[in-house]
**Q** 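First the structure, then my questions, so here it is.
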2 protein chains.
Amino acid sequence: MVKRTGRVTIEEVATACGVSRQTVSNAVNFPERLAESTLAKVRAAITGLGYQPDRSARTMVRGQAGQIGFCVRNGRSEFMTSFLTALCVALADRGSHVLLFTASREDELSVCADLLAQRAVDGFVLADVVDDDERQRWLHGRGVPFASFGRTWSGSAQSGPWVDLDGAGAIAEVVLGLHGLGHERIAFLDWTGSSGAAKDRGRGCATACRDLGLAPPLVVEAAADDPAAAEVSLRRALVGDSAPTAVVGATDTLAVGAARAASAAGLRVGPDLAVTGFDDSALAAAQQPALTSVRQPLDAIVAGLAERLRDPTLDGLLVAGEVVPRESAPIATAAERSRESSGAAAGR
Amino acid sequence: MVKRTGRVTIEEVATACGVSRQTVSNAVNFPERLAESTLAKVRAAITGLGYQPDRSARTMVRGQAGQIGFCVRNGRSEFMTSFLTALCVALADRGSHVLLFTASREDELSVCADLLAQRAVDGFVLADVVDDDERQRWLHGRGVPFASFGRTWSGSAQSGPWVDLDGAGAIAEVVLGLHGLGHERIAFLDWTGSSGAAKDRGRGCATACRDLGLAPPLVVEAAADDPAAAEVSLRRALVGDSAPTAVVGATDTLAVGAARAASAAGLRVGPDLAVTGFDDSALAAAQQPALTSVRQPLDAIVAGLAERLRDPTLDGLLVAGEVVPRESAPIATAAERSRESSGAAAGR
DNA sequence: CTGAAAGCGCTTACAG
DNA sequence: CTGAAAGCGCTTACAG
């Protein structure tokens with residue numbers, strides 16, 4: 001006769017406060033349907049017993065798992081932890097949780113299909129989007145809710161809603177800041193085989209230089225996204241009268257290499273050669289001098305993703321990056337510049 | 001009359017191959033109960049229709065969610081991504097998934113309780129264990145399955161099963177390696193307010209020095225776990241005839257500071273002053289010269305956690321760290337040492 | 001070895 | 001505003 005489990009069911013709540021289970025259900029899901037006195041009575045019983053609806057029972061009848069799948073993959077991205085944390089928060093607002101799974105790039109889609117077949121998730125957040133992404137096509141074709149973090153490049157059409165950082169825009173901000181510091185000869189440091197996102201940053205650099213009336217950036221390409229490779233490639237570019245005075249790295253890793261090349265050439269990073277990176281990694285912050293970088297505004301990104309999971313008809317969202325000025329290039333942020341210019345205007 | 005959803009139910013499979021739903025259920029859960037011919041027939045229908053049991057329906061009737069909760073929290077630990085990936089793999093073996101959630105340290109327990117009340121998870125993997133951890137006590141008291149990654153220190157009793165890295169053992173390995181390189185004056189670099197885990201590493205250093213007949217390590221304490229703080233504190237320790245020739249850092253961050261102090265003192269990191277860190281972070285690898293560090297063997301850790309989730313009576317598990325030798329202290333690994341000594345034995 | 005019955009805990013129409 | 005009925009998809013005893 002003793003209950004085997006400590007779980008409190010809707011039935012028990014109903015008995016406890018002398019109403020039917022349906023009324024308890026209404027108290028939870030449609031409180032406005034109940035008379036105030038009834039509602040108060042039921043709610044007292046609910047909190048008193050610590051009742052919470054069983055998720056699986058709800059899922060069964062509603063056909064919604066209240067869970068969004070996300071695939072993690074090895075790799076030392078410190079960014080991912082913060083991203084996942086932010087994603088949990090953004091989804092919690094709509095009562096959803098993150099179901100984590102892992103799979104190789106090739107197997108990911110079939111794991112997604114399994115999760116869907118088992119009704120373990122309602123949809124997915126996709127990261128590491130590639131050109132002509134088969135996950136996007138597959139999910140889109142079946143009407144499965146999903147939102148991608150990242151764009152596809154090279155003109156291939158993108159299925160479904162997406163959110164991405166405006167890399168070009170952020171780098172344009174950086175270049176603007178460098179120009180404000182007096183820099184006129186700017187190099188963009190990329191690497192062979194870099195992603196579409198890195199190329200986008202390069203375009204932002206070129207555009208900004210043009211808009212500011214500067215010469216086009218000197219594009220230096222390292223053999224790999226690696227400090228050593230970047231150092232080697234940049235060293236050659238640092239000699240001569242027309243050598244750049246500022247190096248915009250496509251990644252923090254490349255920027256570290258740039259800083260080393262500067263030191264090797266007897267240049268002080270910051271005063272003699274400005275260096276900036278991208279991603280605001282711990283690496284950038286721990287460098288000496290610390291590297292100016294660009295941070296992804298996670299909250300805006302995950303909020304956009306959560307929104308698009310709800311409404312797949314929403315357009316792609318480009319989120320502005322946050323420039324984080326440090327000693328390697330103490331540029332003024334957009335906020336500081338506008339403050340100064342308004343101050344100047346007030347002084348007139 | 002058209003089905004609203006693409007889901008395939010057990011009923012449809014049963015109809016398709018002319019058996020009852022119970023037989024299909026048996027084919028999935030107790031194949032040995034079926035005649036071979038029946039089994040083959042049902043299986044063909046299952047794969048043909050792409051049937052997979054609905055997880056929520058299973059959860060309802062079995063009372064098991066097949067999900068383990070894990071709380072992520074902001075912080076730039078690059079380690080976490082790999083840990084989560086490995087955890088997914090380890091739990092997948094027993095058909096479980098990782099349900100991710102986030103909460104502040106104070107709220108975490110109440111979120112755990114909610115998840116349990118909703119039967120969204122069967123148990124938890126706990127990280128960031130603190131002394132006298134209330135999560136452990138609470139879960140243990142209710143008989144909820146959980147496994148902790150990390151030990152409690154300062155003598156407070158630990159509830160439930162745990163897995164942890166043997167930090168003392170790993171540092172002892174490091175010291176042994178340094179001794180093999182000829183180092184006799186060793187410093188241990190810690191920081192004020194460091195965790196029990198860091199102190200454990202310090203104990204490992206002291207023990208190893210004693211066992212090798214060396215003088216006790218010089219313990220240097222930085223004001224924070226920060227390269228700048230470490231550099232300041234160590235700089236003073238680097239002067240004089242009896243200055244250490246090797247610095248064992250309690251963390252990679254501290255080791256970075258040690259390397260800077262060495263450079264500032266005109267010492268070459270590696271040849272003049274050996275430096276080692278802990279965690280094998282990207283920071284350590286990207287340093288120049290690259291820093292010797294200790295890696296946590298994730299697969300062994302998560303396997304131990306998964307095992308303990310199943311069987312809470314298992315003892316705590318101490319996992320050996322993996323020493324990763326790099327230029328900052330090119331020590332021999334345990335494997336290399338045993339190879340050499342056996343080679344020497346063979347040559348006798 | 002196979003099948004009809006009961007029930008897991010909830011919600012969604014539908015009567016009163 | 002409230003309650004009795006049906007059903008979500010599955011599995012677990014229990015007969016045949």
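The model shown is predicted, which means the values in this text are computed figures rather than measured ones. Chain identifiers are assigned alphabetically (A, B, ...) following the order of the sequence lines, protein sequences preceding nucleic acid strands; residue numbering begins at 1 within each chain.
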**Q** Starting at atom CZ of B:Arg119, determine the distance to atom P of C:dC8, rounded to an integer number of angstrom.
**A**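 Whole-Å distance recorded here is 10 Å.
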**Q** Heavy atoms under 4.0 Å, any strand shown: does A:Ser56 hit a base, just sugar-phosphate, or nothing?
**A** nothing
**Q** For A:Glu36 and D:dC1, give me the distance from atom CD to atom C1', rounded to whole Å.
**A**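 These atoms are roughly 13 Å apart.
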**Q** Are A:Ser20 and D:dT2 close enough that a side-chain N or O sits under 4.0 Å from OP1 or OP2?
**A**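 Looking at the OP1 and OP2 atoms of D:dT2, neither is under 4.0 Å from any side-chain N or O of A:Ser20.
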**Q** What is the distance, to the nearest angstrom, from the CZ atom on B:Arg33 to the P atom on D:dC14?
**A** 13 Å
**Q** Among the nucleotides C:dC1, D:dA13, C:dT11, which one has an atom lying closest to any side-chain atom of B:Gln22?
**A** D:dA13
**Q** With a cut-off of 6.0 Å (strictly less than), are more than 12 heavy atoms of other residues, nucleotides or ligands near CG of A:Asp315?
**A**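 Open.
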**Q** Rounded to whole Å, how long is the line connecting atom CG of A:Leu34 with atom P of D:dT2?
**A** 5 Å
**Q** Are A:Phe70 and A:Phe149 an aromatic pair, judged by ring center distance below 6.0 Å?
**A**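 Centroid distance A:Phe149-A:Phe70: not below 6.0 Å, so no.
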**Q** Would you classify B:Asn26 as touching base, sugar-phosphate or nothing, given that sugar-phosphate means primed atoms plus P, OP1 and OP2, and contacts are heavy atoms under 4.0 Å?
**A** nothing
**Q** Rounding to an integer number of Å, can you tell me how far B:Asn29 CG sits from C:dT2 P?
**A** 15 Å
**Q** With a 4.0 Å cutoff (strictly under), does any side-chain N or O of B:Thr23 reach OP1 or OP2 of C:dG3?
**A** yes
**Q** Within the structure, does a side-chain N or O atom of A:Arg58 lie under 4.0 Å from either OP1 or OP2 of C:dG9?
**A** no
**Q** Whole angstrom is fine here: how far is it from CD in A:Gln118 over to P in D:dG9?
**A**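 For the pair A:Gln118 CD and D:dG9 P, the rounded distance is 15 Å.
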**Q** Could you please name the partner base of C:dA13, counting Watson-Crick and G-U wobble pairs only when both distances are under 3.5 Å?
**A** none
**Q** I need the CZ-C1' distance between B:Phe30 and C:dC1, as an integer number of Å.
**A** 15 Å
**Q** Does A:Arg151 reach the main-chain N or O of A:Leu165 with its side chain, forming a donor-acceptor pair under 3.5 Å?
**A** yes
**Q** Check the phosphate of C:dC8 against B:Arg62, side-chain N and O only, distance under 4.0 Å to OP1 or OP2. Yes or no?
**A** no
**Q** Both A:Val61 and B:Ser25 contact DNA chain D. Taking the nearest nucleotide for each, which residue is further toward the 5' end?
**A** A:Val61
**Q** Just compare C:dG9, D:dT2, D:dT11 and give me whichever is closest to any side-chain atom of A:Asp54.
**A**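 Shortest atom-to-atom distance from the side chain points to C:dG9.
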**Q** Given 3.5 Å as the limit, does a donor-acceptor pair link the side chain of B:Gln158 with the main chain of B:Thr152, or not?
**A**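 Yes; at least one donor-acceptor contact below 3.5 Å.
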**Q** Using modelled atom types only, decide if a donor and an acceptor are shared between the side chain of B:Arg295 and the backbone of B:Gly321 within a distance under 3.5 Å.
**A**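 No: the side chain of B:Arg295 does not pair with the backbone of B:Gly321.
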**Q** Which nucleotide sits closest to the side chain of B:Ala35: D:dT11, C:dT11, C:dT2?
**A** C:dT2
**Q** To the nearest angstrom, how far is B:Ile10 atom CD1 from C:dA4 atom C1'?
**A**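 Going from CD1 in B:Ile10 over to C1' in C:dA4 covers 14 Å.
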